[in-house]
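Presented below is the structure to which this report refers.
What you are looking at is a predicted structure, and each value in this text was computed from that prediction instead of being measured. Every number for a ligand or one of its atoms is a count from 1 in the order of the listing. Computed from heavy atoms alone, side chains included, the values below leave out hydrogens, waters and symmetry copies.
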Amino acid sequence: MLTKREPLIIANWKMNVLPNEAVSLVLEICKQVSEQAKIIVAPPFTHLSLLGSLNNDNIFLGAQDCHEKDFGAFTSEISCPMLKDLGVKYIILGHSEKRLSNPLENNRITNKIKSVLQAGLKAVYCCGEPLDIRESGKHLEFIKIQLQNDLPTNSFPNIENLIIAYEPIWAIGTGKTALNDQILETHEYIYDWLSDNYGKKLADTIPILYGGSVNSNNAAQIAHIPNVNGALVGGASLNPLEFANILNSFYLVN
Ligand code: 13P
């Protein structure tokens, strides 16, 4: 298991915040966090350039998706080289909101991860079960199928740049955080799957983040779960004080 080290806390702003609000939101977060905190923000694509121009050493840019090809006739799409050129370091892939809005998305995730890793960027791969699967007790089987489909062994360069985010769909935007035991069990399962399929040495280095209604009230408790290496935060990352408190809670534990 990856031992506790610098936590990764990623703000997924989804389709929120106007470009001219983005800078003040990020600078406000900076004011409230300890100096060593790494602030990773995945804003809408339209805000990346502006946030990059801040040249702030504490702020790291993330993107919420990318296309699997580098260039070509793919209207409306954005590729890894374009994001890298803007200073993006992390790219979220396989988010359930993308998977649900287009079922074909599931078939593209492996190639997207490949493209991100090939570019030398960090791929933040999301997996997680819907409510009916959780209630049927088949959540681990569901996660196993996602991992098998999306992370086939021997397909990735720079696999050490993979980050996994466990985001149970029923906990996203619902205010219903997964219980500590549920997080512990699923993270352990993901770790074991990685260890069986990629080897223990690699599994020991891959951070596993939790996402789903993380806020300043539950962050400390989640940060204490031994196999949680950070968080992917949606709604609470839009409030600077909330997000700063989440960051501070994780840094206190690590
Ligand atoms: P919330 O924190 O709003 O539940 O969203 C989680 C998420 O989807 C992060 O990617």
Mind listing the closest non-hydrogen atom pair of L140 and Y189 along with its distance?
O-CE2, 3.6 Å

For I159 and I206, the nearest pair of non-hydrogen atoms, with its separation, is O-CD1, 3.6 Å

Would you be so kind as to tabulate the donor-acceptor pairs closer than 3.5 Å made by side chains of residues 77-86, with sequence neighbours excluded?
{"unit_1": "S79", "atom_1": "OG", "unit_2": "D70", "atom_2": "O", "d": "2.7"}
{"unit_1": "K84", "atom_1": "NZ", "unit_2": "A119", "atom_2": "O", "d": "2.6"}

Test side chain to side chain donor-acceptor pair (under 3.5 Å) applied to H95 and E167, Q64, E105, the passing residue
E167

Can you tell me the protein heavy atom closest to [atom] and the distance?
atom	answer
atom 2 (O) of ligand 1	G234 N, 2.9 Å
atom 3 (O) of ligand 1	G235 N, 2.8 Å
atom 9 (C) of ligand 1	E167 OE2, 2.9 Å
atom 5 (O) of ligand 1	K14 NZ, 3.2 Å

Can you tell me which portion of N12 lies within the under-4.0 Å heavy-atom range of ligand 1? Options are side chain, backbone, both, or neither.
side chain

Is T174 close to ligand 1, meaning an N/O of one under 3.5 Å from an N/O of the other?
no

Report yes if some N/O of G212 lies less than 3.5 Å from some N/O of ligand 1; otherwise report no.
no

By number and element, which atoms of ligand 1 are closer than 4.0 Å to a non-hydrogen atom of [X]?
X	value
A171	4 (O)
G173	1 (P), 3 (O), 4 (O)
L232	9 (C), 10 (O)

Mutual orientation of the aromatic rings belonging to H187 and Y166 [parallel < 30°, tilted 30-60°, perpendicular > 60°]:
perpendicular

Are I9 and L61 co-members of a hydrophobic cluster defined by side-chain heavy atoms under 4.5 Å apart?
yes

Just by distance, with hydrogens left out, do E185 and H139 show a side-chain donor and acceptor under 3.5 Å apart?
yes

Hey, does A236 sit under 4.0 Å from ligand 1 if you only count heavy atoms?
no

Which side-chain N or O atoms in residues 37-51 pair as donor and acceptor under 3.5 Å with protein atoms at least two apart or in another chain?
{"unit_1": "K38", "atom_1": "NZ", "unit_2": "Y90", "atom_2": "OH", "d": "3.0"}
{"unit_1": "H47", "atom_1": "NE2", "unit_2": "V17", "atom_2": "O", "d": "2.6"}

